[in-house]
Amino acid sequence: MITGLLFRDSIISAANNISNSRQAVDALNVFPVPDGDTGTNMSMTITAAAKEMATLDDDCTIEEASAKCASALLRGARGNSGVILSLIFRGFSKGFRGLTSAGGKDLANAFKEGVDAAYKAVMKPTEGTILTVIRKASEAAQEMAEIQDDPLEVGFAALTAAKEALAKTPELLPVLKKAGVVDAGGQGLVLVFEGMESVWRNGVIIQPLDGSGVTPVSMPSKATVAAASDDIEFGYCSEFLIEKSENAKEKDPLKLRAYLESIGDCVVVVDDSSIIKVHVHSNCPGNVIQAGLKYGQLINIKIDNMRYQHANADVGVKDGDKVIEPEIKEPENEYGFVAVCAGEGLEELFSDIGADTIVSGGQTMNPSTDDILSAIMKTPAKVVFVLPNNKNIIMAAEQAAPLAKDRDVRVLPTKTIPQGISAMLMFDETVSADENQMSMLSAAEGVETAQVTFAARDSEVDGKPIKQGEIMGLCNGKIKYIGDNITDIAVKATHKLFKKGEHSLITIIFGDGASEEDAEVVEKALYEKYGSDVEISIVNGGQPIYYFIISVE
C-alpha cells in the first residue's frame, strides 16, 4: 500500500529529480524565443509542493498528503506546464479522497482523475505533449490494476508507459521530429514519476546533485522565530486546513473570515474545492478552532505563541526568515485591474492607465498562481480584471481566479503587452462588467504585435536554421525575420503587420539592449514608408528580453 508517508517522501524525491535535470528539460524547447522554460517552471511548481510535504508528520494519511500537495501545486504553478502538472495532482488528490493508504486500483483511479483534470483545462489538447504522456500512463495503470491490485506494479506500469509515450512524441508532433527532441513537458512529467518511483519501490529519496543549484527540501526548523515586537497586539498565530463536511453547520467561508477579522488580524481564508485554508493572529486561539470546526474537521493545526517566541529568541531574525503576511484589501471599489509586466517603464505605464496592482513577470519570469492570487487580493475591487499579457501566464491566472471567493475575477487572455494596454484603454466604468469584458477582449484582439528579441538556443524554424544569439523578429508570436541588427528587424516586422487603410497607429516600446535613439531610427524608417498615414509613439518600457515590442492598430 502507498501510505501518506510514502507519498510525502515521493513528492520531495520528484522535486529534487526534476530540479537536477531542469536545464536539460529547458534545452528541449524547440522554440528559440527566451521564455519561462518548461523545466524551470515544472521544477519551481513541484518544489512548492515539496516544501509543504516536508511539514507533514510521518503518520499522515495519503488523503491528507495528496490534498496538501495539490493545494501547494495549484498555488505554486508557473507557466502552462506547471499548471497542467498541478491539475494532474489535483486529480490524484480527488482519487485518494477518503483513503488512509492506496492500493493498486486506488492508484489507477487517481491516474484517471489526473488525466480528466488535465484534459478538461486545455481548450485544444495537442497530442505529442505532456497530455499524451499522462494519458498513456493512466491507461497502463488501468490495465495493470485489472490484473493485480498492487500499487507498486501499477505505478511501475504507468511509468513504463509514460517513458514509451515520451519516446513517441516526435512521431506525433513534426516540430519535435525535425528538431530531434522529445516533448519537454512530457520529459518533465517522466522525471517527476521517476522520482516518486524511487521512493515507492526502493525507499530512496533522490537527493540534489552537487553543483546543480538545487536547494534540498528538509523539515523546517522548530526554532523559527516570529518577526514580532514586544507590544504584539494579537499573540497567537493559528494556521490550519478545514476539510469541508457536507453535514457542517456552516458553509460560507466569508462568514468565517468576517468572524476572524472581528477577533484578530492578518486574516487569510482561502476556499478551495474541498479545503479551506485559514491563517489568523488572535488572542483566543480556542475561539478560532471552534469557529473552524463549524465547517468541517481540522487538519495540519499549528498554533504559535508569538510573544513567547520573540521573548525567547536567542538570535536575531534574518531578513530572509521574516514571515511577510499577505496583504488583503477589502473590495470597496466597483472595478480594479491586475496587470503582469516587467520593466520599470511598463509598470509605470500600466499604473498610469489604471492598473491597481502590478505583478512583475513575463518572459523567463512566469509568476505563480499564488503570485497572481496575492495581487488580486491586494486589489480593492468587487470586479477584478486580470491581464496576463503573455500566453504562458494565462493558465496560471485562470487557476487563481476561482480562489478569490470574495470578488468577481475576470481573466482577459491577453498574450502580449500591447494587447493588455489596448484592453485597459477600452475600459468604461459606466457600463457593466460583462460589457467591459467583451469590449476589452475585442480591443485586444484587434492589436497586431511585433517583437524583437534574441535566440536563446540553436534551432530551426520553417526550414531556416537559427543560431543562438541571432536577432529575431516575431509577428504575432511567429518568427518571421532573422538577422543581426535590431532596428532593421524591427522595421521589417512592423512592415509585415501594417496595412494601409486598416491601421493608423504604431507604438514602439523599447527595452533593455535598445536605446531611445534606436527607437527613433525605427520611427524614421516607418514615417518614410507611411508618411501621414500613420501616427507613431515611442515609449521607454525598460522590459527585459525584448529590444522592441511594437503594437500596430
Side-chain angles (χ1 to χ4, degrees), residues 4 7-8 11 48-49 52-53 55-57 59-77 86-102 106 109-110 112-114 116-117 120-121 237-264 266-280 282 285-303 326 328 369-370 373-374 376-377 398-409:
F7 187 87
R8 180 197 76 181
I11 295 300
E52 288 293 307
M53 292 292 94
T55 67
L56 288 174
D57 294 331
D59 60 356
C60 64
T61 66
I62 195 165
E63 176 185 32
E64 181 183 351
S66 62
K68 188 158 190 157
C69 175
S71 182
L73 279 167
L74 171 62
R75 289 166 174 76
S86 76
L87 292 170
I88 290 170
F89 278 91
R90 185 190 293 183
F92 272 44
S93 176
K94 186 176 179 181
F96 292 142
R97 193 171 297 166
L99 300 179
T100 301
S101 57
D106 299 320
N109 182 53
K112 183 178 184 302
E113 294 285 0
D116 291 345
K120 286 177 183 176
C237 174
S238 303
E239 290 183 275
F240 52 86
L241 298 178
I242 304 173
E243 188 178 79
K244 295 180 186 177
S245 170
E246 292 182 1
N247 301 319
K249 294 180 181 178
E250 297 287 355
K251 303 288 188 183
D252 186 0
L254 292 180
K255 288 182 64 176
L256 176 60
R257 178 181 171 187
Y259 170 72
L260 296 179
E261 287 179 339
S262 73
I263 65 169
C266 297
V267 176
V268 177
V269 176
V270 179
D271 182 23
D272 205 347
S273 58
S274 60
I275 296 289
I276 301 174
K277 182 178 181 180
V278 176
H279 173 280
V280 61
S282 73
N287 291 348
V288 173
I289 297 298
Q290 289 297 322
L293 285 169
K294 295 179 181 179
Y295 291 79
Q297 70 171 348
L298 308 187
I299 55 179
N300 294 358
I301 301 173
K302 179 174 174 284
I303 300 175
I328 298 176
T369 296
D370 203 37
L373 176 61
S374 296
I376 291 169
M377 301 308 291
E398 290 173 340
Q399 295 301 306
L403 299 178
K405 299 295 185 180
D406 65 340
R407 55 204 77 193
D408 179 6
V409 182

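Because only heavy atoms are used, hydrogens play no part in the values below, and waters and symmetry mates are left out as well, while side chains stay in. A quick note: this is a predicted structure, and the numbers were derived from the prediction, not measured.
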Novice: Do the side-chain N and O atoms of S71 and R75 include a donor-acceptor pair separated by under 3.5 angstrom?
Specialist: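 Side chains of S71 and R75: pair found under 3.5 Å.
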Novice: Output the distance between atom CZ (F240) and atom CD1 (I276), rounded to the nearest 0.5 Å.
Specialist: 9.5 Å
Novice: Describe, in one word, how the ring planes of F89 and F92 are oriented to each other, choosing from parallel (under 30°), tilted (30 to 60°) and perpendicular (over 60°).
Specialist: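 Rings of F89 and F92: tilted, 30 to 60°.
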Novice: Can you list the residues that meet the side-chain contact (heavy atoms from CB on, under 4.5 Å) rule with Q297, with sequence neighbours excluded?
Specialist: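 Here the qualifying residues are E243.
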Novice: Which of these passes side chain to side chain contact (heavy atoms under 4.5 Å, CB included) with T100: D59, T61, I62?
Specialist: T61
Novice: Kindly give the heavy-atom pair with the smallest separation between A248 and G296, and that separation in Å.
Specialist: CB-N, 4.2 Å
Novice: Indicate yes or no: does R257 engage E261 in a salt bridge with an N to O separation below 4.0 Å.
Specialist: yes
Novice: Return the CD to CD1 distance between E250 and I242, rounded to the nearest 0.5 Å.
Specialist: 11.0 Å
Novice: Give me the atom names and distance for the closest heavy-atom approach of S66 to F96.
Specialist: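 Heavy-atom minimum between the residues: OG-CB, 3.7 Å.
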Novice: To the nearest 0.5 Å, tell me how far D106 CG sits from L99 CG.
Specialist: 5.0 Å
Novice: For K251, look at atom NZ and say whether over 12 heavy atoms of other residues, nucleotides or ligands are found less than 6.0 Å away.
Specialist: yes
Novice: Show, in sequence, the C-alpha distance, side-chain angles and deciding distance for I11 and E52, and conclude whether the side chain to side chain contact (heavy atoms under 4.5 Å, CB included) test is met.
Specialist: CA-CA 10 Å; I11 295 300; E52 288 293 307; over 6 Å; no
Novice: As an exercise, state the distance from CD of E64 to OG of S93, rounded to the nearest 0.5 Å.
Specialist: 11.0 Å
Novice: With heavy-atom distances below 4.5 Å as the criterion, would you say the side chains of K94 and D116 are in contact?
Specialist: no
Novice: Using every non-hydrogen atom in the two residues, find where V278 and L260 come nearest and quote the distance to one decimal.
Specialist: CG1-CD1, 3.7 Å
Novice: Looking at G98, is its backbone amide N or carbonyl O close enough to the side chain of E63 to form a donor-acceptor pair, meaning the two atoms are under 3.5 Å apart?
Specialist: yes
Novice: Got a donor-acceptor contact below 3.5 angstrom from the Y295 side chain to the D252 backbone?
Specialist: yes
Novice: Please round to the nearest 0.5 Å and tell me the distance separating atom CG of L256 and atom NZ of K294.
Specialist: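 Here the interatomic distance stands at 9.5 Å.
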Novice: Which heavy atom in M377 sits nearest to a heavy atom in A404, and how many Å separate them?
Specialist: SD-CB, 3.8 Å
Novice: How about K244: does its NZ atom have over 12 heavy atoms from other parts shown lying under 6.0 Å from it?
Specialist: yes
Novice: Could you pull out the closest heavy-atom pair between L56 and R8, with the gap in Å?
Specialist: O-NH1, 2.9 Å
Novice: Counting distance only, does the side-chain N/O of S374 pair as donor-acceptor with the main-chain N or O of D370 below 3.5 Å?
Specialist: yes
Novice: Find the distance between CD (Q290) and OH (Y259) and round it off to the nearest 0.5 Å.
Specialist: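 Rounded to the nearest 0.5 Å, the CD-OH separation comes out at 9.0 Å.
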Novice: On a heavy-atom basis, which atom in R407 and which in I376 lie closest, and how many Å separate them?
Specialist: NH1-O, 3.4 Å
Novice: Closer than 3.5 angstrom, by distance alone: can the side chain of S282 be matched with the main-chain N or O of I263 as a donor-acceptor pair?
Specialist: no
